[in-house]
2 protein chains.
Amino acid sequence: MADATIRCMAERARRGAPLTLEEIATTAVRLMDEAGVEGLSMRKLASELDVNPMSLYHHVENKEALLKLICATAAERMRVPPDDGSPWQEQLRELALAYHRNAKEHPALWGYLHTHPEVISHRGLPLWSALYRILRLAGVPEPEVRRTGDILHAFVSGFILAEINGHMPDDPEEIERNYDTAVHLIINGLAGF
Amino acid sequence: MADATIRCMAERARRGAPLTLEEIATTAVRLMDEAGVEGLSMRKLASELDVNPMSLYHHVENKEALLKLICATAAERMRVPPDDGSPWQEQLRELALAYHRNAKEHPALWGYLHTHPEVISHRGLPLWSALYRILRLAGVPEPEVRRTGDILHAFVSGFILAEINGHMPDDPEEIERNYDTAVHLIINGLAGF
DNA sequence: ACCTGAACACCGTTCAAGT
DNA sequence: ACCTGAACACCGTTCAAGT
């Protein structure tokens, strides 16, 4: 009896603890951070977790579902600056900066996310409520809020993707100036409404 | 002798004519149009051309080089509206529309291009010279032209990627309005310089 | 319930051989 | 010069079997 249980545990886990969805997700994120989307394979992930590749499928339907999962949690966990009562220009700038900072922490993940936007289209995300709030503050008429938000998000994501993909100068100071110009452009544009 | 040549030709080509780089490229584009980047594999491409997969490697170094090639030719062939003397706002609008139209013709290809921007960073491309010309016309000071151009391009590509990836409304009329708003935003923003 | 090995249908690419 | 088949090292995923 005792022998059987011991043998069972020894066999079912070449690892210390049983596999967790949480653990799978964080390891997947790490692999993506290290080597991009192309660096994440189910087999590599499994071997990183010291587990048979097929064990993963007990916790996740398939690779796409896994990617969706880690993108969704990243989007949900994104920290947006709170409403501190400052003028909308300032708040918009802060939100853009937060988004930028976030994306740079896990570039490959946000790259994937931006090219598979089902994940980010959930309107309850902190990102969207913050953006909509600021646009209303800026005086964008209610029926235009959502559209304008989509467009602004597309702009920012274009900027970030360009940066992630190396289509921007390398010098961080230069990037900072680019970012300033970009945000200024948007704010100027909005002010014209 | 004659027999040998005939047999040779028959064997070396299960197809009518010998393989061409041109032919490879256009078929690759078609496959991408039909099924996205993931729908293009060297093996599928070869079978589409009625050829052994390995024959491709005689014309192209590898898959990435092939993708680069078709993206580069697409970028070079892009038609940009000529300088017709109209105000810069109008010309910028037309350029954005041309870019948009172009991208929609081969969505997967432009999607890949935007996430692998080495291809489009060649400054001699018609796209860039047209954009720079219009920015100068708009009064952007010379040392800012290139930076502003990069940012505007990032914005437009973000918009287009969002559209390609379905993160925009489906109704074409709605998209048209989105596009108008986006271009207005940019023009307003530039006018504030 | 959770894990596994063998197997299947795909990849991109190398290499030695064919004409 | 151009093409090929067999082979290698990878994929994602199914399925039947193990505890």
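Below, read A as the first sequence line, B as the second, and so on, with proteins coming before strands; counting in each chain starts at 1.
Separating the CG atom of A/Leu56 from the P atom of D/dT14 is a distance of 13 Å, rounded to the nearest angstrom. The distance from atom NZ of A/Lys63 to atom C1' of D/dC10 is 12 Å, rounded to the nearest whole Å. Atom pair A/Met54:CE and C/dT4:P shows a separation of 11 Å (rounding to whole Å applied). Spacing between atom OH of A/Tyr57 and atom P of C/dC3 amounts to 15 Å, rounded to whole angstrom units. Atom CG in A/Asn52 sits roughly 17 Å away from atom P in D/dA17 (whole-Å rounding). To the nearest angstrom, P of D/dC10 lies 17 Å from CG of A/Leu45. In this structure, B/Met42 atom CE and C/dC10 atom C1' are separated by 15 Å, rounded to whole Å. When the P atom of D/dG12 is taken as reference, atom CD of B/Glu38 falls 12 Å away, rounded to whole Å.
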All N/O donor-acceptor pairs, side-chain side in residues 71-80 of chain A, below 3.5 Å, sequence neighbours left out:
residue : atom : partner : partner atom : Å
A/Thr73 : OG1  : A/Ile70 : O            : 3.1

Which atom pairs, donor and acceptor, lie under 3.5 Å between side-chain atoms of residues 113-126 of chain A and protein residues at least two apart or in another chain?
residue  : atom : partner  : partner atom : Å
A/His114 : ND1  : A/Trp110 : O            : 3.2
A/His114 : NE2  : A/Tyr99  : OH           : 2.8
A/Thr115 : OG1  : A/Gly111 : O            : 3.2
A/Thr115 : OG1  : A/Tyr112 : O            : 3.0
A/His116 : ND1  : A/Tyr112 : O            : 3.0
A/Ser121 : OG   : A/Glu118 : O            : 2.8
A/Arg123 : NE   : A/Ser121 : O            : 3.4
A/Arg123 : NH1  : A/Tyr132 : OH           : 2.6
A/Arg123 : NH1  : A/Asp150 : OD1          : 3.0
A/Arg123 : NH2  : A/Asp150 : OD1          : 3.4

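Salt bridge present: B/Glu34 and B/Arg30 bring a charged side-chain N and a carboxylate O closer than 4.0 Å.
Here the side chains of A/Glu48 and A/Arg43 are not in contact, with every heavy-atom distance at 4.5 Å or above.
Comparing B/Asn62 and A/Arg43 by the nucleotide of DNA chain C that holds the closest heavy atom to each, the one mapping nearer the 5' end is A/Arg43.
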Strand DNA chain C in bracket notation, Watson-Crick/G-U under 3.5 Å with | for pairs to another chain: ||.|||||...|||||.||
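Using a 4.0 Å cut-off, no side-chain N or O of A/Ser55 falls inside it from OP1 or OP2 of C/dC2. For A/His58, no side-chain nitrogen or oxygen approaches OP1 or OP2 of C/dT4 to under 4.0 Å.
No more than 12 heavy atoms of other residues, nucleotides or ligands shown are found within 6.0 angstrom of NE2 on B/His184. Residue A/Asp170 qualifies as open at atom CG: its count of foreign heavy atoms under 6.0 Å is 12 or below.
The side-chain contact (heavy atoms from CB on, under 4.5 Å) test with A/Leu92 singles out one residue from A/Leu131, A/Leu137, A/Val183, and that residue is A/Leu131.
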